[in-house]
Amino acid sequence: MTIVTPLLLDQGRPAGRAKPSAAAHLSDVQIEELGRELDALRESVIATRGARDAAYIRRVIATQRSLELAGRAALLFAKHKPAWLAGTGMLTLAKILENMEIGHNVLHGQWDWMRDPDIHSTTWEWDFVTPAEAWQHTHNDLHHTWTNVVGKDRDVGYTILRMDEDQPWTPRNLGNPLYNALLAPVFEWGIAIYDLELDEVREGRKPVAELRRGLKALGAKFAKQAAKDYAATPAAAAVTGSAKQALTATLTANAVRNIWAHAVIFCGHFPAGADTFTEEQIEGETRGDWYVRQMIGSANISGSRLMHLMTGNLSFQIEHHLFPDLPSNRYAEVAVKVREICERYELPYTTGPLPKQVASAWAKVFRLALP
């Protein structure tokens, strides 16, 4: 599976091609100089990766596994409310950590440099119902390449929601808020269905044979997830008469994890200030242009170190889109330099606290439900 790093699309910018409005004041020379600065920043992090970073991800994985083990152990006695609350809480935290800080980032190849087969993008299978390989294709290969390009980045609305004015309005878009509310607690299933690329199959751009292969992989992955969460844990809890309560706990943990992941992802891509682009604007896109698009097409979430950890450091969405394969624990230090570069080149650096960004993303969901 391809691990996406900043594109090299130096094909020559067509004469007179319109730049994004937020970058219209920059000359071609300035954009390429900005690109060189960001290249140098990336190389400086790569040159200093080492034992401290490896210890970080191993510590996070150990913490996540301990939380999951303790949570499932507590659910053996889930008929008692304190055990249900403790078990559900620990299992929820474990699932969020695995999904956001570990799974997402390992599958981006952020830790491949360690050459550890247990923490590698080609071997990791995450605690999310969509198979890792399918997600890497739609997310790493497509979304990170064509970020916020309407017509090329299918993540703009996930083929369900209208999330940009350039997407044609139809009466079904009146249901935008309802679709989004229903999507949040089952977000992993929304992503799994999205990763099947049913629209691509319907329009003849993806062979039916590939869809069958995807459905088979999804079925196998769901069977594995269901066996762990909805069969094994309740079965073990049945010994103490806690099977039903253990089942509701695992369902709750998955739902809360899904709602959290949905909120973080929407805050990084859809609040006010995150720009979108036309296909014409990226024609002949250079490396510097690509960097600019990532900066002005993404948004950050401000907050504490704990909040950054629980978002998988996707609260630094701008930095993640600039450097998707750098270790996530380095985004905080990179962000200081990226923000300074944005200020120097007079480019927006969109950030805000979680409640503000969530409200902004939802405001867009409601606004674009209308023509």
Side-chain angles (χ1 to χ4, degrees), residues 1-2 4 68 91-92 94-108 121-146 153-161 163 175-176 178-203 205-233 247 250-266 268-270 311-312 314 324 365:
M1 182 60 60
T2 303
V4 173
E68 181 171 5
L91 186 58
T92 300
K95 284 179 173 289
I96 288 173
L97 275 177
E98 197 288 327
N99 186 218
M100 307 299 287
E101 180 66 335
I102 304 171
H104 173 275
N105 295 330
V106 169
L107 293 177
H108 261 296
S121 62
T122 60
T123 59
W124 192 273
E125 188 56 71
W126 59 347
D127 184 39
F128 221 43
V129 73
T130 188
E133 183 181 4
W135 179 83
Q136 284 175 311
H137 168 64
T138 59
H139 184 79
N140 292 10
D141 298 345
L142 301 182
H143 168 63
H144 273 269
T145 299
W146 308 115
D153 182 5
R154 297 169 66 254
D155 278 24
V156 180
Y158 298 97
T159 71
I160 300 171
L161 305 168
M163 294 302 299
N176 240 29
L178 175 62
Y179 307 149
N180 202 37
L182 293 174
L183 176 64
V186 294
F187 191 52
E188 63 178 318
W189 277 103
I191 296 300
I193 294 170
Y194 168 76
D195 287 346
L196 291 172
E197 299 182 300
L198 297 177
D199 57 318
E200 296 290 291
V201 176
R202 184 174 59 249
E203 295 172 16
R205 292 191 292 267
K206 179 175 179 176
V208 174
E210 284 191 31
L211 174 61
R212 292 196 190 99
R213 187 173 72 87
L215 285 168
K216 183 178 179 180
L218 175 58
K221 182 66 182 294
F222 172 64
K224 181 179 178 181
Q225 296 294 102
K228 177 178 63 175
D229 282 344
Y230 309 135
T233 298
L247 177 60
T250 55
L251 286 166
T252 300
N254 280 323
V256 174
R257 184 272 314 276
N258 289 338
I259 291 169
W260 177 253
H262 174 275
V264 171
I265 298 306
F266 271 61
H269 297 92
F270 301 128
T311 66
L314 292 180
V365 169

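The structure presented is a predicted model; accordingly, all values stated were derived computationally and were not measured. Every heavy atom of this structure was used, including side-chain atoms; hydrogens, water molecules and symmetry mates were not.
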Report task. Ignoring hydrogens and angles, state whether a donor on the side chain of D195 or H139 is under 3.5 Å from an acceptor on the partner side chain. Result -> no
Query raised in the report: How far apart are the closest heavy atoms of L182 and V186, and which atoms are they?
Result: O-CG2, 3.2 Å
Report task. Any chance you could lay out the side chain to side chain contact (heavy atoms under 4.5 Å, CB included) test for E101 and L314, step after step, and finish with the verdict? Result -> CA-CA 8 Å; E101 180 66 335; L314 292 180; over 6 Å; no
Query - Heavy-atom closest contact (M100 atom, T311 atom, distance) - result: CE-O, 3.5 Å
Report task. Might you point out which heavy atoms bring L107 and Q136 nearest each other, and give the distance in Å? Result -> O-NE2, 2.9 Å
Which atom pairs, donor and acceptor, lie under 3.5 Å between side-chain atoms of residues 216-226 and protein residues at least two apart or in another chain?
from	atom 1	to	atom 2	distance (Å)
K221	NZ	E125	OE2	2.7
K221	NZ	W126	O	2.9
K221	NZ	F128	O	2.4
K221	NZ	T130	O	3.3
Q225	NE2	D127	OD1	2.6

Query raised in the report: Can we call the ring centroids of H143 and H269 under 6.0 Å apart?
Result: yes
Query - Check: Y194 side chain, I160 main-chain N or O, donor-acceptor pair, under 3.5 Å - result: no
Report task. For residues D141 and T145, report the shortest heavy-atom separation together with the two atoms involved. Result -> O-OG1, 2.6 Å
Requested in this report: Say whether, by atom type as modelled, one donor and one acceptor occur between the side chain of N105 and the main chain of G312 under 3.5 angstrom.
Outcome: yes
**Report entry** Point-to-point distance, once rounded to the nearest 0.5 Å, from CG of L91 to CD of E68
**Finding:** 6.0 Å
**Report entry** Value rounded to 0.5 Å, distance of CZ in R202 from CG in D199
**Finding:** 5.5 Å
**Report entry** Sub-4.5 Å side-chain heavy-atom contact between F187 and I265
**Finding:** yes
Requested in this report: Quick one: pull up OG1 in T159 and CG in L198 and give me the separation to the nearest 0.5 Å.
Outcome: 8.0 Å
Requested in this report: Check for a donor-acceptor pair, side chain of Y230 on one end and backbone N or O of T250 on the other, with a separation under 3.5 Å.
Outcome: no
**Report entry** Flag, side chain of N99 to backbone of K95, donor-acceptor distance under 3.5 Å
**Finding:** no
Report task. Measure the CD-OG1 distance between E133 and T138 for me, rounded to the nearest 0.5 Å. Result -> 11.0 Å
**Report entry** With E210 via side-chain hydrogen bond (donor to acceptor under 3.5 Å, both in side chains) - residues at least two apart
**Finding:** none
Report summary line: Heavy-atom closest pair (K228 atom, T233 atom, distance to 0.1 Å) is O-OG1, 3.1 Å
Query raised in the report: Should R257 and E188 count as an ion pair when the cut-off is N to O under 4.0 Å?
Result: yes
Requested in this report: Measure the spacing between CD of E197 and CZ of R205 and express it to the nearest 0.5 Å.
Outcome: 9.5 Å
Query - N140 and W135, any side-chain heavy atoms less than 4.5 Å apart - result: yes
Query raised in the report: Are the side chains of I259 and P185 in touch, meaning some heavy atoms are under 4.5 Å apart?
Result: yes
**Report entry** Nearest heavy-atom neighbours spanning Y158 and F270
**Finding:** CE1-CE1, 4.3 Å
Report summary line: For L215, the side-chain contact (heavy atoms from CB on, under 4.5 Å) test, sequence neighbours excluded, returns L196, L211
Report summary line: Output for pair (N176 CG, L161 CG), nearest 0.5 Å, gives 5.0 Å
